[in-house]
Amino acid sequence: MGLIIALYILCDRERFYIQIKKVAYTLFREPVVKQMRDLAKLSSRMFNSFIVGKIVDSLIIGIICYVGMSLIGFDFALLISFIVGCTNVIPVFGPFIGAVPGFVILLIVNPLDSLWFLVFIFALQQFDGNILGPLILGDSMGIPTLYVMFAILVGGGFFGVPGMFLGVPIFSIIYVVVKAGVEKQLEKKQIVVD
């Protein structure tokens, strides 16, 4: 049902945009509406860059995992690579969450392969975290790594896996808004902080 509603909203998005704009200008003053539009644009940019970047990153990691597992000769390479690629969408903890089912599957089939699988996944995630991830996502979120961890933990604590995934872009938006507000107040008070 949600998918059908989303399709209707997408088809009539121009009409909804105009209606929302009319209501906003009716209820709020023009500067407030401008701030709301700026926040909506920032949110759209943050979510789009994060979600698209993570999906591309996860797809590449899933493919590399499949190729690597096939070359090494692990059983169930396609299934395990699919799981690893899907869970890789969750920042920081996703790769480890995805490694658990693969480890269990290989442990049942061949215990020695399960240990080599852990080594392979560790190397793959080091490549992803240090080379591929920063290359694809860059500094698009604009928040320090400690805040990324905080966003994942808080989002996951409140909303589970969806919270872990959406916590980073939501926290990025809050971070950018608060940072701009602080800088504006410092500028207003003519304070320079080094």
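No experiment lies behind these values; they were computed from the predicted model shown.
- I55 and F82 fall into different hydrophobic clusters, where Ile, Leu, Val, Met, Phe, Trp and Tyr are joined by side-chain heavy atoms under 4.5 Å apart, directly or via other members.
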Does the pair L39 and Q35 meet the rule for a side-chain contact (heavy atoms from CB on, under 4.5 Å), with working shown?
CA-CA 6 Å; L39 181 62; Q35 287 179 339; over 6 Å; no
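- In plain terms, the two heavy atoms of G167 and A151 that are nearest each other are O-CB, 3.5 Å.
- No continuous path of hydrophobic side-chain contacts links I90 to F96 [ILVMFWY only; heavy atoms under 4.5 Å].
- In this structure, D57 contributes its side chain and G53 its backbone to no donor-acceptor pair below 3.5 Å.
- In this structure, CG in D38 is found 10.5 Å from OG in S43, a value given to the nearest 0.5 Å.
- Summarising the geometry, atom SG belonging to C65 is positioned 11.0 Å from atom CG belonging to D128; distances are rounded to the nearest 0.5 Å.
- Residues Y147 and V168 fail the side-chain proximity criterion, which asks for heavy atoms closer than 4.5 Å.
- With sequence neighbours left out, the side-chain contact (heavy atoms from CB on, under 4.5 Å) criterion links V182 to V178, L186.
- Nearest heavy-atom pair across K54 and V89 is CE-O, 3.2 Å.
- Within 6.0 Å of CZ on F127 lie more than 12 heavy atoms contributed by other residues, nucleotides or ligands.
- The salt bridge (charged side-chain N to carboxylate O under 4.0 Å, His left out) search around K21 returns none, not counting sequence neighbours.
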Per-pair distances, 0.1 Å, donor-acceptor, side chain in residues 4-17, under 3.5 Å, sequence neighbours excluded:
none

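- In this structure, K34 contributes its side chain and R29 its backbone to no donor-acceptor pair below 3.5 Å.
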Test side-chain contact (heavy atoms from CB on, under 4.5 Å) on Q125 and I61; report intermediate values, then the result.
CA-CA 8 Å; Q125 295 313 319; I61 288 300; 4.1 Å; yes
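- In this structure, the side chains of L166 and F47 come closer than 4.5 Å at one or more pairs of heavy atoms.
- Taken together through direct or relayed side-chain contacts under 4.5 Å among Ile, Leu, Val, Met, Phe, Trp and Tyr, F122 and V100 form parts of separate hydrophobic clusters.
- A 4.5 Å side-chain heavy-atom check between P169 and I51 finds every atom pair outside the cut-off.
- The shortest non-hydrogen separation linking V84 to G98 is CG2-O, 3.9 Å.
- Taken from CD1 in I121 to OG in S81, the straight-line distance is 7.5 Å, to the nearest 0.5 Å.
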For residues 68-80, which side-chain N or O atoms pair as donor and acceptor with protein atoms under 3.5 Å away, sequence neighbours left out?
| unit_1 | atom_1 | unit_2 | atom_2 | d |
| --- | --- | --- | --- | --- |
| S70 | OG | Y66 | O | 2.8 |

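- No donor-acceptor distance shorter than 3.5 angstrom exists from the side chain of S58 to the backbone of C86, with no hydrogens or angles considered.
- Cluster annotation: F158 and Y175 are assigned to the same hydrophobic cluster (Ile/Leu/Val/Met/Phe/Trp/Tyr, side-chain heavy-atom contacts under 4.5 Å, transitive).
- Note that CG of N88 is 7.5 Å distant from CG of L124, once rounded to the nearest 0.5 Å.
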Extract all donor-acceptor atom pairs below 3.5 Å that involve side chains of residues 101-120 and protein atoms in other chains or at least two apart in sequence.
| unit_1 | atom_1 | unit_2 | atom_2 | d |
| --- | --- | --- | --- | --- |
| N110 | OD1 | L112 | N | 3.2 |
| N110 | ND2 | D113 | OD2 | 3.3 |
| S114 | OG | P111 | O | 2.5 |

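- With rounding to the nearest 0.5 angstrom, the CE atom of M36 is 9.0 Å from the CD1 atom of I20.
- Remark: Q126 engages N130 in a side-chain hydrogen bond (donor to acceptor under 3.5 Å, both in side chains) (not counting sequence neighbours).
- Counting heavy atoms from C-beta outward, L59 and I63 have side chains that approach closer than 4.5 Å.
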